[in-house]
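Values reported hereafter were calculated over all heavy atoms of this structure, with side chains retained and with hydrogens, waters and symmetry mates removed.
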Amino acid sequence: MLTQLLTQQMEKAFAALNYNTDYAAVGLSARPDLCQFQCNGAMPLAKLLHKAPIAISREIVQSLLALPESAEIFESAEAVNPGFINLNLKDSFLAKHINALAMSENLFVQKLNIPKKVILDYGGPNIAKPLHIGHLRTAIIGEALKRLFRYLGYEVLGDIHTGDWGLQMGMIISEVQRTQPDLPYFDPDFCGEYPAEPPFTLDDLSEIYPRVSAAIKETDEIGSPTENAKAMETAAKEATYALQNGVTGHRALWQHIVKLSVADLKANYQRLLVDFDLWYGESDSHDSIPIVLDMLKQKNALMESDGAIIADVSEESDKKEVPPIILVKSDGSYLYGTTDLATLYNREKEFHPDEVLYVVDARQALHFTQVFRAAKKYGIVPEKISLEFVGFGTMNGKDGRPFKTREGGILRLADLIAMVVDNAAGKIQNKEDINAAEVAEMVGISVLKFADLSNYRMKDYVFDLEKFSAFEGKTGPYLLYSIVRIKNILRKLAEESSQPGELLPAVSSVERELQLKLDGFSDVLWQAAKDKAPNYLCEYLYELSTLMNSFYHNHHIITEESAERKASWHRLLNVVLRTLTTGLEILAIPVPDKM
RNA sequence: GUGUGCAUAGCUCAGCUGGAUAGAGCGUCUGGCUACGGACCAGAAGGUCGAGGGUUCGAAUCCUUUUGCACACGCCA
């Protein structure tokens, strides 16, 4: 915000000298010991004009200081070798600005000026399978990006895109058929109403899938599938085929499965403060697959290769040939590229989004390159739509391999959360006015989320429970603790009926730095949105907390004697609190009142 | 084999458009509780930014060569 204001001021100074104002950008200082803001534009100008950079920067400073507003704004503006322009604000100007920021509704965060609609594809759980550790990062990162874009004024639709249509559904249906063959769903002559209640419970479902999955993989001594395994697989494939081709009993049973499973998914995501606007799944794109295939056929895009149907997506500029996308397998069934294309078709038809973002595992990069190219090349979505792959790295165990349970199995998300929350529960102080269970939940979630979000998303990272659960240092609990401290003071101020008042110029360097930091919120949010990088926001919130704790240590608010000063600090605390809680709200990290 | 990504302090990681003396946390060492909650604060030590070359006034950042690691490479999702 200040950087923009200062850039505008600098542009005037550049313009007065007939210098290209593109170089007038003012940014935060890389050397806080020397100045608060800096402009480096003199150096590229020097190259262009074949003049000494220091001479140009001196001219610019002179021109800047000659502007009428400058007397009020700048404490100092100086040209230093080789050609930097160092700027410091008057404390009075800074205080006035932060006072206005504190009084504003929006914390001076710029909103998007042209409306834009974004669909965010994240989550991607499978129906009838429990959420596991592989679903953690897409949920956490996707939710943060959804809230970030929404806060900046985008219209955002979060779509969970469940896997509700593949072989795993056939596996469950065929197993129900095997164990309960007399159910009406399997009677081809049945024409009444199917039962309203499902013939299984959620627990049954979560037990069926792993059992069938294991049975199908069963092999004899020489490593070939057993007779039973073959039979189970055939049955599952037949059930899948029946489901996808609209056999009414299978569809009815499938709906029971989806309904039970979705309710369970909602509850689990709720615990992570994750929710979705659209609960579409692969099944919703099923009817569009023939349409999409027909569109491709019209464009002569479909080719036969070894019995499969493929479409070329290569481009001349490719260093390595991008392989064609396979749309129909040689056995006639579809692949996930097919459903992804059909889903895009549906999204365009129903919502006309400006952007579609896919928050998915980095290992799927090539697949999405193929899908995006096919979608644009063959006119399934308009050329102008932005399709972006927002990949993320793997969460590994201490051995550097993807995280597993001690037994080597896949860790359930619920178990992971329980581990973190239990650990937090052991550290909650015993106080009568604290609901220990609630606080442990919030602290545990903050540990998990902050650790994940503060890493740059593309990188793999090691999940180290002990490290993440330590409350010292750059962690979620540190942020929460900082907030709780502020809330305590504000409570005390309210008890003695103190009121916030005009924010005064800083009395110390910590207070000055704190004021400056508050102004950076808008820039950080926009930068994070541009790079889809929530870690920028994490970093900012941590720095703000650090400054706040340092300020807390150096200045005692409650006992401050000057009424004006006390009122000023009251307002400062208010705006620090708002900034921190807004930031954590965007990251979907919960904040307790006490801890 | 080909392609993509990564390599920064003892450990785990930031580093945004190429800017000045590369920053945090943990760990180590030192100091601070008669004040709003010590899950805190102040300070110290710790670096050839994997290696070589190039572009530039200026490179962790851009280009190139090279080493190591991860991942991906038509009928799983």
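You cannot call A/Phe84 stacked on the base of B/rG19; the centres under 5.5 Å and planes under 30° rule is not satisfied.
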With 3.5 Å as the limit, what N/O pairs link the protein to nucleotides 59-62 of chain B?
none

Can you tabulate the close N/O pairs, meaning under 3.5 Å, that link protein atoms to atoms of nucleotides 45-48 of chain B?
none

Nucleotide-resolved protein contact map, nucleotides 6-18 of chain B, B/S/- at heavy-atom distance under 4.0 Å: ------SSSSBS-
Could you encode protein contacts along nucleotides 29-37 of chain B as a string, one character per nucleotide from 5' to 3', using B for base contact, S for sugar-phosphate-only contact and - for no contact, with a heavy-atom cut-off of under 4.0 Å? ---B--BBB
Identify every side-chain donor-acceptor pair in residues 479-486 of chain A under 3.5 Å, counting partners at least two apart or on other chains, and give the distances.
from	atom 1	to	atom 2	distance (Å)
A/Ser482	OG	A/Tyr478	O	2.8
A/Ser482	OG	A/Asn549	ND2	3.1
A/Arg485	NH1	A/Asn549	OD1	2.8

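Residue A/Tyr23 places none of its side-chain N or O atoms closer than 4.0 Å to OP1 or OP2 of B/rG19. An OP1 or OP2 oxygen of B/rA42 is reached within less than 4.0 angstrom by a side-chain nitrogen or oxygen of A/Ser550.
A distance below 6.0 Å separates the ring centres of A/Tyr336 and A/His367.
Summarising the base pairing, B/rU2 is matched to B/rA72 through a Watson-Crick or G-U wobble pair whose two defining distances lie under 3.5 Å.
Across the P atoms, B/rU61 and B/rC49 are found 9 Å apart, a figure rounded to whole Å. Comparing B/rG15 with B/rA60, their P atoms sit 16 Å apart, to the nearest whole Å.
Two residues, A/Asn40 and A/Pro323, neighbour RNA chain B, and the one matched to the more 5' nucleotide by heavy-atom proximity is A/Asn40.
Residue A/Gln370 is out of contact with every strand shown, counting any heavy-atom pair closer than 4.0 Å.
Residues from residues 126-137 of chain A placing a heavy atom under 4.0 Å of any atom in RNA chain B do not occur.
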